[in-house]
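All values below come from the heavy atoms of this structure, side chains included, with hydrogens, waters and symmetry mates left out. Here, residue 1 is the first one in the sequence, and each next residue gets the next number. Not measured: the values here are computed from a predicted model.
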Amino acid sequence: MTGPGGFARTLEQLGLAGTLALLLMVAVCLIAIFAPWIAPHDPLEIDVANAFGPPSAANPLGTDTLGRDILSRLIWGSRSALLGPLAIVALSGGIAAVVALTAAWNRGWVDSVISRIIDIQFAFPAILLALLVAAVFSSGFWPAVVALALASVPHKARLLRSEALRERAQPYIEALEVQGMSGPSITARHLFPAVWPLFSTQLILSFGYATIELAAISFIGLGIQAPTPDWGLMVAQGQATLIQGEFREALSAGLCIVAVVTAVTIIGDRLSHIHVRSI
């Protein structure tokens, strides 16, 4: 169902919690898009004389250790908080889809080899892989994104492979083969669309995990580098000033991360329930 009626139906299925979570994510997306126009200050502007400034009309959340406006840095930091996880999900999802569908369609030794490779990849935690990538390519936003994307491929591939194998055994797939349709065509036009609802829900849920992992990478200094505004980096920088009683930077950035992860998790959970009921 499409149009206003379909949108209203979707909101009804999401429930109150899901709708509020969706509205929050829409708000964060709009903040990220219009950051240059709504941020009250330049997030990189240093004013050492105003370091640790208290909340005021000019600086609603105060300033950090270098006198930079915390609110402006939060607003600009929303860009990396959305772009990073989105890139991780898109890259890992694309690789996982190719790998899983190849294994499910060919089965036999192809499936066995791919399954063993996936099992081996599970032995490499995301943080460890990020450390290895950082050691080879240096720290930065995109090395961290690539490392986390590769580390999350096995989880997505295993789920999609299982669902694709179940769908591959359906009678209509065999009927399409008898009609002379090629494997790639069946996979692209029928198999993948059939498993997409479940896979898309998994991708949404993985966005939350990617947000936490990317923030953790930035926290330990392997992700986005200072002075670029980033929520994970702000938590790390704010932690150093907690002993001085200055908690606003770390607390505000941490709350932003928690809010986004919670909202995405609620949306993914509600969509998964909708998918289950529709089966």
Side-chain angles (χ1 to χ4, degrees), residues 25-26 28-33 35-36 43-44 73-101 117-118 120-160 199-239 250 253-254 256-265 267-268:
M25 289 307 301
V26 170
V28 173
C29 290
L30 291 176
I31 289 173
I33 293 172
L44 303 180
R73 291 182 64 78
L74 286 175
I75 291 174
W76 278 90
S78 63
R79 290 190 158 189
S80 61
L82 294 180
L83 176 60
L86 184 61
I88 293 171
V89 170
L91 180 58
S92 62
I95 297 174
V98 172
V99 170
L101 292 175
I117 294 175
I118 291 175
I120 293 173
Q121 281 190 280
F122 271 107
F124 292 89
I127 297 296
L128 176 59
L129 186 57
L131 286 169
L132 294 175
V133 171
V136 176
F137 299 103
S138 76
S139 302
F141 177 75
W142 288 110
V145 166
V146 172
L148 293 175
L150 294 177
S152 63
V153 165
H155 301 274
K156 298 180 179 65
R158 175 172 287 184
L159 174 69
L160 183 58
F199 189 52
S200 62
T201 300
Q202 178 65 22
L203 293 180
I204 293 174
L205 288 171
S206 69
F207 185 97
Y209 294 113
T211 301
I212 296 176
E213 291 170 348
L214 190 59
I217 292 295
S218 295
F219 180 83
I220 62 178
L222 297 178
I224 293 178
Q225 301 296 299
T228 304
D230 174 74
W231 292 351
L233 190 57
M234 289 179 68
V235 172
Q237 293 171 337
Q239 184 192 38
C256 288
I257 295 172
V258 171
V260 167
V261 172
T262 301
V264 172
T265 301
I267 294 172

State, yes or no, whether a side-chain contact exists between I118 and V99 at a heavy-atom distance under 4.5 Å.
yes

Non-neighbouring partners of [X] that pass side-chain contact (heavy atoms from CB on, under 4.5 Å), sequence neighbours left out:
X    : value
A236 : F219
A226 : L233, Q237
S200 : W196
A215 : I257

Could you tell me the separation between the OG1 atom of T201 and the CD1 atom of I267, rounded to the nearest 0.5 Å?
11.5 Å

Please report the interatomic distance CE(M234) to OG(S218), rounded to the nearest 0.5 Å.
12.0 Å

Donor-acceptor pairs are to be reported for all side-chain atoms of residues 73-83 against protein atoms at under 3.5 Å, with residues two or more places apart or in another chain.
| from | atom 1 | to | atom 2 | distance (Å) |
| --- | --- | --- | --- | --- |
| R73 | NH1 | P43 | O | 2.9 |
| R73 | NH1 | P227 | O | 3.2 |
| R73 | NH2 | P227 | O | 3.3 |
| S78 | OG | I75 | O | 2.5 |
| R79 | NE | A32 | O | 2.7 |
| R79 | NH2 | A32 | O | 3.4 |
| R79 | NH2 | I33 | O | 3.2 |
| S80 | OG | G77 | O | 3.1 |
| S80 | OG | D230 | OD1 | 2.8 |

In a table with atom names and distances, give each donor-acceptor pair under 3.5 Å that connects a side chain of residues 205-212 to protein atoms at least two apart or in another chain.
| from | atom 1 | to | atom 2 | distance (Å) |
| --- | --- | --- | --- | --- |
| S206 | OG | Q202 | O | 3.4 |
| S206 | OG | L203 | O | 2.7 |
| T211 | OG1 | F207 | O | 2.8 |

Can you tell me which residue pairs pass the salt bridge (charged side-chain N to carboxylate O under 4.0 Å, His left out) test with a partner in residues 140-160, sequence neighbours excluded?
D119-R158

Nearest atoms (heavy-atom pairs only) where [X] meets [Y]:
X    : Y    : result
A149 : S152 : O-OG, 3.0 Å
A144 : L222 : CB-O, 4.1 Å
L160 : A96  : CD2-O, 4.1 Å

Given the rule in the side-chain contact (heavy atoms from CB on, under 4.5 Å) test, do L214 and F141 qualify, once you have shown the distances and angles that lead to the verdict?
CA-CA 9 Å; L214 190 59; F141 177 75; 4.2 Å; yes

Derivation of the side-chain contact (heavy atoms from CB on, under 4.5 Å) call for T228 and L44:
CA-CA 7 Å; T228 304; L44 303 180; 5.8 Å; no

Distance-only, no hydrogens or angles: does the T262 side chain make a donor-acceptor pair with backbone N or O of V258 under 3.5 Å?
yes

